[in-house]
Structures are given as structure tokens and as C-alpha cells.
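Input: a single structure, listed below in C-alpha cells.
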Amino acid sequence: MRALVTGAGSYIGTRLVTRLAAAGAEVHVLLRPHSDATRLQALAARPYLHRLAAARPDRALLASIGPDAIFHLAAPPGRADTGEVEAYLTLSLALAEAALAAAVPRFVNVGTWWQFGPDGGFRPNGLYAAAKQAVHDLMAGFAVRGLSVCTAIPFDVYGPGDWRGRFVSLLKGALDAPLAASEGLQEVDLIHVDDVAAGFLAAARAHEPAGTAGLYTLGSNRPLTLRAVAEAFAGVAGRPAAIEWGRQPYAPDQVYRPCPADSPPPGWSHAISREQGLAEVIAH
């Protein structure tokens with residue numbers, strides 16, 4: 001398999017690149033003009049790096065790589081402004097156009113559960129989520145034109161070595177120093193980063209009816225409040241983290257309950273238990 005990955009320098013992206021390489025794939029990475037490639041260059045199995053001269057890939061580059069599958073993890077920042085959203089949409093459109101022209105067999109787009117409300121209907125909690133939904137809708141248009149495409153929706157990703165400052169990683173630090181938190185009543189659906197990488201590969205193997213874009217969820221479908229996550233963490237660590245509940249306000253765009261994670265790719269389910277995953281975070 002020859003794979004092309006965007007957003008490969010992210011936490012999830014580096015784990016996907018590592019998993020692809022371990023499976024024997026030839027991995028190529030598209031980098032934006034000013035993207036940091038330090039973490040990718042430090043991987044044991046370094047991918048082929050292609051730095052774009054502009055914000056969008058050209059068809060000749062994609063044709064020269066000849067990927068069997070594209071994994072489009074690139075995204076705007078979480079608090080994206082309109083210019084950053086425009087750049088993301090431009091990249092996504094150009095990549096899909098080039099994939100269609102090069103007859104790439106499979107295109108896996110990556111979305112976010114923030115696109116949806118608790119009932120699963122479209123209800124973005126901000127510009128980032130709305131942009132993710134827009135790209136999925138655009139991919140549906142490319143599916144009509146013949147591109148084999150789907151969107152994979154990872155939920156609350158965690159794992160060892162996570163540098164993004166997410167709650168589970170912060171809990172490890174709170175074993176030694178107090179952590180100021182909200183009331184902790186919002187729910188999250190934790191899913192291990194390696195299960196998400198496996199889910200992307202399962203989505204790459206899936207098939208939808210001609211002319212349609214698939215939509216797959218990558219979660220446990222067992223959401224917990226942050227307080228319950230802290231209790232589970234304490235059970236694995238053998239002692240509680242020092243959390244100062246209520247010291248921080250909820251974010252203005254806080255989502256209190258995730259949508260159902262009830263549409264996994266065919267043949268995929270999460271394999272890493274919460275206890276095993278939390279133990280890996282603590283041991284890392």
C-alpha cells in the first residue's frame with residue numbers, strides 16, 4: 001500500500017504514520033509551506049516528506065506519488081479565524097480534485113464529533129466544526145463524480161505521549177501538582193489513539209454504494225463525565241489526582257454530551273480498554 005497523509009505532524013497523524021509504516025506501507029506526507037516536520041523526522045520509520053510550494057497541492061505531485069489511499073487529517077486550528085478556514089477549504093478542495101484526476105482508489109477525510117449535537121444532527125459548536133462539516137459535504141459532491149470517499153469521526157482521543165494538553169494527559173501531571181478544572185460534568189467519549197489509527201485503516205477498506213460518501217464514527221459509545229474519568233484514572237494510578245473542581249469556568253462553546261458513536265467502519269471496534277489505555281498514559 002502507498003499512503004498519502006495530510007496533517008501527519010499532529011498527535012493522531014504521527015500515530016497513523018507509524019501504524020502505516022508498521023503494516024508495510026510506503027508513507028508519503030504532504031506538508032504545508034511552514035509546517036514543522038520535527039516529529040515526523042524523529043520517527044523510527046521516516047515517511048517521504050513533500051513540502052508544498054503553495055497552500056494547495058497540484059495534480060502533478062499527486063500523480064507522481066500515486067497513492068492507493070489518502071488520509072486527510074489536516075485541519076484548521078480549534079479557534080480558527082475565517083482566513084484559516086479558507087485555507088483549509090482550499091487545501092481540501094484541491095486535494096479532492098487532484099485525487100479524482102489521478103483516480104486515487106480511496107480518500108479518507110477526517111471530521112470531528114463537534115460537528116454534531118447530542119442527537120447526531122448537524123450542530124457545530126464553532127467555526128472549526130462547521131468547516132469540518134463543510135468538507136464532508138463537499139466530499140459528497142466528489143463522490144457523485146466518482147471519488148471513493150468517506151469521513152471518519154474520531155471522538156475524544158487520548159494516549160501515551162499526547163502533547164496537546166487534553167484532560168487525560170493533564171491528569172498525569174495532577175498526580176504531583178493541583179489541576180484547576182471546571183465542574184467536570186461534561187461528558188467525553190474516550191478512544192485510544194491507536195484504535196483511531198486502526199479505524200482510519202478500516203475506513204480505507206470500506207465500500208459505500210456508488211456516488212455516496214460514507215460517514216463512520218470512531219468512539220467507544222460509552223461516554224463518561226470528566227469526574228468519572230478522573231475516578232477511573234485514580235483507580236489505575238492507585239491514588240487520586242489533585243483536581244480543583246469548579247476553579248475554571250466552562251468554555252463558551254462547551255459541549256456537554258457527545259453524539260452517539262454508533263456508525264463504526266465495517267469490521268472495526270475499539271480494542272484497547274480504558275484501563276489499559278490509562279495505564280499506558282501513566283507509564284509513558
Side-chain angles (χ1 to χ4, degrees), residues 1-10 12-13 16-33 35 40 45-75 87-111 131-154 196-216 218 263-268:
M1 181 183 184
R2 183 176 294 141
L4 176 64
V5 183
T6 72
S10 66
I12 303 173
L16 174 62
V17 167
T18 299
R19 188 179 187 100
L20 285 165
E26 179 182 306
V27 185
H28 295 255
V29 167
L30 280 187
L31 294 171
R32 293 175 184 177
S35 295
L40 292 169
R46 288 180 56 180
Y48 295 92
L49 305 181
H50 304 270
R51 192 173 293 278
L52 300 175
R56 54 189 297 158
D58 58 46
R59 297 182 181 184
L61 173 61
L62 204 66
S64 69
I65 297 170
D68 300 300
I70 294 174
F71 298 90
H72 184 33
L73 278 68
Y88 166 61
L89 295 176
T90 298
L91 172 64
S92 301
L93 281 168
L95 191 62
E97 282 282 7
L100 190 64
V104 175
R106 187 62 165 166
F107 192 116
V108 178
N109 176 53
V110 175
K132 284 289 188 178
Q133 180 67 32
V135 170
H136 172 68
D137 291 340
L138 290 168
M139 293 303 129
F142 282 97
V144 172
R145 294 169 60 188
L147 183 65
S148 175
V149 61
C150 68
T151 296
I153 306 288
V196 170
F200 291 157
L201 297 185
R205 295 189 295 267
H207 299 280
E208 300 83 32
T212 63
L215 183 66
Y216 302 113
L218 304 175
S263 301
W268 177 89

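Please read all numbers here as calculations on a predicted model, not as lab measurements. Numbers here simply count residues along the sequence, with the first being 1.
Side-chain contact between Leu100 and Phe107 is absent, with no heavy-atom pair separated by less than 4.5 Å. Within the 4.5 Å cutoff, the side chain of Leu201 has no heavy atoms near those of the Trp268 side chain. Proximity of Val104 to Leu4: side-chain heavy atoms (C-beta onward) are nowhere separated by under 4.5 Å. Within the 4.5 Å cutoff, the side chain of His72 has heavy atoms near those of the Ser92 side chain.
The minimum heavy-atom distance linking Gly211 with Val144 is given by the pair O-CG2, 3.7 Å. Between Ala213 and Glu208 the shortest heavy-atom distance is C-CG, 4.5 Å. Counting all heavy atoms, side chain and backbone alike, Pro265 lies closest to Leu218 at CD-CD2, 3.6 Å.
The closest donor-acceptor contact from the side chain of Ser263 to the backbone of Tyr216 lies at 3.5 Å or more, if one exists at all. In this structure, the side chain of Arg51 engages the main chain of Ser35 through a donor-acceptor pair within 3.5 Å. Distance alone, capped at 3.5 Å, places no donor-acceptor pair between the Arg2 side chain and the Ala25 backbone.
Applying the side chain to side chain contact (heavy atoms under 4.5 Å, CB included) test between Val5 and each of Ile70, Leu20, Leu30 identifies Leu20 as the sole match.
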side-chain contact (heavy atoms from CB on, under 4.5 Å) evaluation trace for Arg32 with Leu91 | CA-CA 9 Å; Arg32 293 175 184 177; Leu91 172 64; 3.5 Å; yes
Test side-chain contact (heavy atoms from CB on, under 4.5 Å) applied to Val108 and Arg106, step by step | CA-CA 7 Å; Val108 178; Arg106 187 62 165 166; 4.3 Å; yes
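Ring geometry for Phe200 against Phe71 counts as tilted: the plane angle lies between 30° and 60°, on a 0 to 90° scale.
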